[in-house]
Amino acid sequence: GAGRAGMLYRDLIPGRLGGRFIASHIAIPAGGAVPDYVHYHHVRFQLIYCRAGWVRVVYEDQGPPFVLHAGDCVLQPPGIRHRVLEASPGLEVVEVGCPAVHETRVDHELALPTVEQRPERRVGGQRFVRHVAADAEWRPGGISGGEFRDTGIAAATDGLAGVRVIRAGCAADAATESLRAHDREFHFVFVLAGGAELELAVHGRHALQAGDSAVVPAGEPFRLTPRDGLELLEVTLPPRRD
């Protein structure tokens, strides 16, 4: 469906967990200048992950406009003023936030970029994060001896949320792992590349491919078995520690 500034939205969580969380796959097929304006959101948590193409954005107190490329992401602290300026043809982003319905307000007074740069400033108790995939360090872990890159969002939110990109290891190793449950408030995955089989004790088996997503319920044992070079975006509240 059509949304703000001509953006197309695909709702990734039907029912939105009773209004607690929203995840959207957003596209701007034609690209070009985006008819956006300086605005801000009353949210608890909001992530923007660039899946394909690029988008030029500007944020309050974060310097001149910059480009998010595929694999990059930002944490938008509650209340930070920002604006989308330009997008490549075929831009796709994944946005995750809570609550699902939140207030968006226009700021008619503030011009962006702001003169002052305050990268360590906390807005709504959180610090702005720009994670650049090309500069990221991959660490061992994630799924079945794979690796992951941490975005720094756990630290910037004081442990409210965690965001990682995971490259899975051996599918044979994953298949031998036992089903395990989590106790987090929210556990969301979006398949960026490859595929996986998601097996849940109550909800059965589900084949996932690039562009698919899932929310894993707390308390239900599950196992994720990678296929075909799985790479996925994982968002959890609070952050994963394993």
- Message: For Val216, is there any backbone N or O sitting under 3.5 Å from a side-chain donor or acceptor partner on His182?
- Response: yes
- Note on the structure: Looking only at heavy atoms, the pair that brings Val215 and Leu17 closest together is CG1-CD1, 4.1 Å
- Note on the structure: When rounded to the nearest 0.5 Å, the distance separating CG of Leu75 from CG of Leu47 is 7.5 Å
- Note on the structure: One should read off an interatomic distance between His41 NE2 and Gln46 CD, to the nearest 0.5 angstrom, of 4.5 Å
- Message: Looking at Glu109, I want to see if its CD is surrounded by more than 12 non-hydrogen atoms of other residues, nucleotides or ligands under 6.0 Å.
- Response: no
- In Ile26, Leu192, Leu233, Val93, the residue satisfying side chain to side chain contact (heavy atoms under 4.5 Å, CB included) with Arg51 is Leu192
- Message: Under 4.0 Å between a side-chain nitrogen and a carboxylate oxygen: does that hold for Arg44 and Glu185?
- Response: yes
- Query: Glu199 and Leu179: side chain to side chain contact (heavy atoms under 4.5 Å, CB included), yes or no, with the steps?
  - Reply: CA-CA 8 Å; Glu199 179 184 357; Leu179 275 67; 4.2 Å; yes
- Query: So which heavy atom on Val163 is nearest to which on Thr151, and how close?
  - Reply: O-OG1, 2.8 Å
- Under a 4.5 Å cut-off applied to non-hydrogen side-chain atoms, are Leu230 and Asp228 in contact? no
- Task: Please test Arg16 against Asp11 for side chain to side chain contact (heavy atoms under 4.5 Å, CB included), starting from the C-alpha separation and ending with a verdict.
- Result: CA-CA 9 Å; Arg16 300 180 178 180; Asp11 198 337; 2.9 Å; yes
- Parallel, tilted or perpendicular, as decided by the 30° and 60° cut-offs, for the rings of Phe186 and Phe188: parallel
- Message: In this structure, would Leu85 and Val38 fall into the same cluster of hydrophobic residues linked by side-chain contacts under 4.5 Å?
- Response: yes
- Is the gap between the ring centers of Tyr59 and Phe128 under 6.0 Å? yes
- Look at the side-chain heavy atoms of Ile, Leu, Val, Met, Phe, Trp and Tyr, link any pair under 4.5 Å apart, and say whether Leu198 and Val235 land in one connected group. no
- Message: Check whether Arg122 reaches the backbone of Ala156 with its side chain - one donor and one acceptor, N or O, closer than 3.5 Å.
- Response: yes
- Query: Do His39 side-chain atoms and Asp36 backbone N/O form a donor-acceptor pair below 3.5 Å?
  - Reply: no
- Looking at OH of Tyr40 and CD of Gln76, how far apart are the two atoms once the value is rounded to the nearest 0.5 Å? 14.5 Å
- Task: State, to 0.1 Å, how close Gly71 and Ala133 come at their nearest heavy-atom pair, and which atoms those are.
- Result: O-CB, 3.4 Å
- For Ile153 against Cys73, the heavy-atom pair lying closest together: CD1-SG, 4.5 Å
- Sole residue of Arg240, Arg167, Arg184 in salt bridge (charged side-chain N to carboxylate O under 4.0 Å, His left out) with Glu234: Arg240
- Query: Taking C-beta and beyond as the side chain, do Pro239 and Thr157 meet within less than 4.5 Å on heavy atoms?
  - Reply: no
- Query: Which is it for Gln209 and Val191 under the side chain to side chain contact (heavy atoms under 4.5 Å, CB included) test, yes or no, and what are the steps along the way?
  - Reply: CA-CA 6 Å; Gln209 59 185 3; Val191 179; 5.8 Å; no
- Note on the structure: Scanning both residues in full, the closest heavy-atom pair of Ile143 with Pro226 reads CG2-CD, 4.3 Å
- Item | Residues His187 and Thr236: side-chain donor-acceptor under 3.5 angstrom | no
- Note on the structure: Per side chain to side chain contact (heavy atoms under 4.5 Å, CB included), Phe66 is matched among Val74, Asp72, Val55 by Val74
- Message: Give me the atom names and distance for the closest heavy-atom approach of Ile28 to Ala87.
- Response: CD1-CB, 4.1 Å
- Query: Nearest 0.5 Å, what's the CD-CD distance between Gln62 and Glu116?
  - Reply: 11.0 Å
- Message: Is there a continuous path of hydrophobic side-chain contacts, each under 4.5 Å between heavy atoms, that joins Val84 to Tyr9?
- Response: yes
- Task: Please round to the nearest 0.5 Å and tell me the distance separating atom CZ of Arg20 and atom CG of Leu237.
- Result: 10.0 Å
- Item | Ile166 CD1 to Trp138 CH2 distance, which is reported to the nearest 0.5 Å | 9.0 Å
- Query: Does Ser88 use its side chain to pair, donor to acceptor, with the backbone of Trp54 at less than 3.5 Å?
  - Reply: yes
- Query: When hydrophobic residues are tied together by side-chain contacts of less than 4.5 Å, even through go-betweens, does Val94 share a cluster with Ile22?
  - Reply: no
- Item | Expected output: side-chain Ser24 to main-chain Glu95 donor-acceptor under 3.5 Å | no
- List the steps, then state whether side chain to side chain contact (heavy atoms under 4.5 Å, CB included) holds for His82 with Ile48. CA-CA 12 Å; His82 58 282; Ile48 306 294; over 6 Å; no
- Query: Going hydrophobic residue to hydrophobic residue with side-chain gaps under 4.5 angstrom, can you get from Val129 over to Leu160?
  - Reply: yes
- Query: Is the side chain of Gln126 donor-acceptor paired with the backbone N or O of Pro77 at a distance under 3.5 Å, no angle test?
  - Reply: no
